[in-house]
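As a basis for the values below, the full set of heavy atoms in this structure was taken, side chains included, without hydrogen atoms, waters or symmetry mates.
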Amino acid sequence: MINFKEDKELEILNHSCAHLMAQAVKHLFPQAKFWVGPVVAEGFYYDIDLGDEAIRGEDLPKIEKEMKKLAKAGKKIYRREISKEEALEMFKDDPYKLDLIADLEDGNISVYDQGDFTDLCRGPHVESTKLLKNFKLIKHSGAYWKGDANNKVLQRIYGVCFPTAEELEEHLRQLEEAKERDHRKIGKDMKLFMVDDLIGRGLPMFLPKGYTVWQELENYIKDKERRLGYQHVMTPCVGTVNLYKTSGHWDHYKENMFPPMEVEGESFVLRPMNCPHHMMIYANQMHSYRDLPLRIGEIAHDFRFEASGTLKGIERGRHFCQNDAHLFVTPEQIKDEVSRVVDLIFDVYKDFNITDYRCVLSLRDPADKVKYHDDDEMWNTAENALRDVLNSIGIEYTEEIGEAAFYGPKLDVNVKPAVGNEITLSTCQLDFCLPAKFELSYIANDGEKKTPVVLHRAILGSLDRFMAYILEETKGNLPLWLAPVQVKILPVKNDDEELNDYAKSIRKQLADEDIRAELDNRSEKLGYRMREAQMEKVPYLLVLGKNEQNDGTVTFRIHGKQETTTVNGEEFLSLVKKQIKEKAFVK
């Protein structure tokens, strides 16, 4: 998906179109007053005060019609430099513009004129409204003035604009595709998870079918980790403020944490990450170099106070579960352990058919002494060590300044979804900082006490975000092993007792082999039950009638296809078990 702020031509075009929209709104709602109309990644918007009126869905086509008329008129767009005194006089009846002007310096104020409309703006803009004919208003919402909940709610209208009709049409097609792939819609259709403001924004709850998917992901990654020598632990979701002061998170990450809770004279916080807990597990006993590498893993519940505007279903919430692990290693083991982590990442990606990704070496910004632990020698050592490891194992990567964790550099694996901007799924961080802060040690082979190095790594990232990613990539058509319901059994006549008994026997046969099968013999028409199963994206539909009952067979239909296949029960069972074992998509 296009980022409108990263393309200068599109940015100018869309900012100009925001003014065109404001002019059209002013024609239709003469009382309108305007706050700001910036370009954002998704296009443009304008915040508007309409007094006692509110924008409704049916108003958008009316505004578009007026915009088209103005674009067709082709009025020239002119820039004028004015004094602060002139600006205050020009917008004396508009409190929003007066608020903006108050912060501007005299001699640095400009307005743009187009026909009968003048707006305060730095620009730049296109030369004429005739260049703004390929636009679409996308949606409207309420927005607090200046983003402050104590202020008035303004009307916000979003739109996009392109140089050509073909580009606009393609973008609108992509937006429709994005709606179909939105994991929040898919999650609702498939009955996977829910959110409710009474529980709290950003605190999703997994329903039985969603939790089945979640558990399958947990079992999948834990099994892989066990085979590689990981030991899994369980640690509490809270910790003392002193724990996070020791780790440095209190100084570098406090604004992203929930506020402290005072209990019996001690301050506790919901944990935003798990590394301090795992450091304490390591410190619980003495270690020899023979114990290392020590690989501690956990599917851990974490809490971060994300801004409400960034919350998005289970992709970004205030509660999530990380597929976290910390590897305590000697300096000599760094290369081999990073290599094993990278191999595990790509092994997982192969299972999920993830092919569009790039590796990033995320480094600190040396000038930022607030965000990052202030130890130049430590940073230089850590960054060079991780860079050398990636080079030696042949990983292609780019470097990005300012993207490191506060305590060390990291390898980020960013995936490109079918729709939208890339996201980070997997990460491996090299840390010389926290082991020293927690005074961790091991006895080296020369008998000296030394400090271990820690690799922080997450393969699936958070299970929640990974699940959202897979739902959007597959449009909910999950591989058979991961589908919450793998087989739906539909007797043709739900009032036929013998047929229902046969359907129940098929379900038991599947359940006995750990295949997730549901029997739907509700008193609804077959077509209705089939449509509902299609909506839930169940991979296999078994339609059973008298012929199947008499012959001991099943007739199945694959989700999304019309053809049916009839086989005996054992053949179907063998087919399903094979596809589950191979982690295959049903085709």
Problem - Any side-chain heavy-atom pair of R271 and H277 under 4.5 Å - result: yes
Handout entry: Ionic contact status for E473 with R181, cut-off 4.0 Å
Key = no
Completion exercise
So SG of C161 and CG of L13: to nearest 0.5 Å the spacing works out to 4.0 Å
Exercise for the section: Could you check if a side-chain atom of I354 sits within less than 4.5 angstrom of a side-chain atom of Y469, using non-hydrogen atoms only? Expected result: yes
Exercise for the section: Sorted by first residue and then second, give each ring pair (Phe, Tyr, Trp, His ring centres under 6.0 Å) pair with at least one member in residues 147-168; sequence neighbours left out. Expected result: F4-F162, Y45-Y158, F162-H171
Handout entry: Electrostatic pair R173-E176, nearest N-O below 4.0 angstrom
Key = no
Problem - Inter-residue atom distance E11.CD - N3.CG, 0.5 Å rounding - result: 9.5 Å
Problem - R318 to F305 six-membered ring, cation-pi geometry met (6.0 Å, 45°) - result: yes
Problem - Flag side-chain contact, heavy atom, 4.5 Å: K152 against Y144 - result: no
Handout entry: Electrostatic pair K209-E536, nearest N-O below 4.0 angstrom
Key = yes
Exercise for the section: Evaluate the side-chain proximity of M273 to R304: yes if any heavy-atom separation is below 4.5 Å, no if none is. Expected result: yes
Handout entry: Ion pair check, K33 and D93, cut-off under 4.0 Å
Key = no
Exercise for the section: Before accepting this row, confirm whether a basic side-chain N of the pair E180/K475 lies closer than 4.0 Å to the acidic partner's carboxylate O. Expected result: no
Problem - Worked verdict on R80 versus T118 for side chain to side chain contact (heavy atoms under 4.5 Å, CB included) - result: CA-CA 10 Å; R80 285 190 289 139; T118 298; 4.0 Å; yes
Handout entry: E298-T235 side chain donor-acceptor pair, cut-off 3.5 Å
Key = yes
Handout entry: Short N-O contact, R56 and E58, less than 4.0 angstrom
Key = yes
Problem - NZ/NE/NH1/NH2 to OD/OE distance under 4.0 Å, R79 and D113 - result: no
Handout entry: Note, C321 side chain near D464 side chain (heavy atom, < 4.5 Å)
Key = yes
Exercise for the section: Determine whether more than 12 heavy atoms belonging to other residues, nucleotides or ligands lie under 6.0 Å from atom NZ of K26. Expected result: yes
Practice task
Tell me whether the centres of the aromatic rings in F34 and Y46 are closer together than 6.0 Å.
Solution key: yes
Exercise for the section: Walk me through it: do F258 and V269 pass the test side chain to side chain contact (heavy atoms under 4.5 Å, CB included)? Expected result: CA-CA 6 Å; F258 278 80; V269 288; over 6 Å; no
Problem - Step-by-step side chain to side chain contact (heavy atoms under 4.5 Å, CB included) determination, L463 to N323 - result: CA-CA 6 Å; L463 266 65; N323 163 220; 3.8 Å; yes
Practice task
Would you kindly say whether N256 and H249 are connected by a side-chain donor-acceptor distance under 3.5 Å?
Solution key: no
Exercise for the section: Say whether Y349 and S426, considering side chains only, have a donor N or O and an acceptor N or O under 3.5 Å apart. Expected result: yes
Problem - No-hydrogen, no-angle side-chain donor-acceptor test under 3.5 Å, D412 and N414 - result: no
Fill in the blank from the handout: Sorted by chain and residue number, the side-chain contact (heavy atoms from CB on, under 4.5 Å) partners of K62 (sequence neighbours excluded) come out as L28, D59
Problem - Spacing of I459 atom CD1 and T427 atom OG1 [to the nearest 0.5 Å] - result: 9.0 Å
Exercise for the section: Mark yes when over 12 heavy atoms from residues, nucleotides or ligands other than E262 sit less than 6.0 Å from its CD; otherwise mark no. Expected result: yes
Problem - H456 NE2 to H278 NE2 distance, which is reported to the nearest 0.5 Å - result: 11.0 Å
Practice task
Look only at the side chain of R156 and the backbone of G142, and say whether a donor-acceptor pair between them is shorter than 3.5 Å.
Solution key: no
Handout entry: Aromatic plane relationship, W145 with Y96 - under 30° parallel, 30 to 60° tilted, over 60° perpendicular
Key = perpendicular
Problem - SB check R201 D197 (cutoff 4.0 Å) - result: no
Practice task
Mind checking the NZ-CD spacing from K179 to Q174? Nearest 0.5 Å is all I need.
Solution key: 13.5 Å
Practice task
Could you tell me whether K245 and D251 make a salt bridge, using a distance below 4.0 angstrom between a side-chain N and a carboxylate O?
Solution key: no
Practice task
Can you sort out the partners of E255 under salt bridge (charged side-chain N to carboxylate O under 4.0 Å, His left out), two or more places apart, ordered by chain and number?
Solution key: none
Fill in the blank from the handout: In this structure, CG of D431 is separated from CE of M279 (nearest 0.5 Å) by 5.5 Å
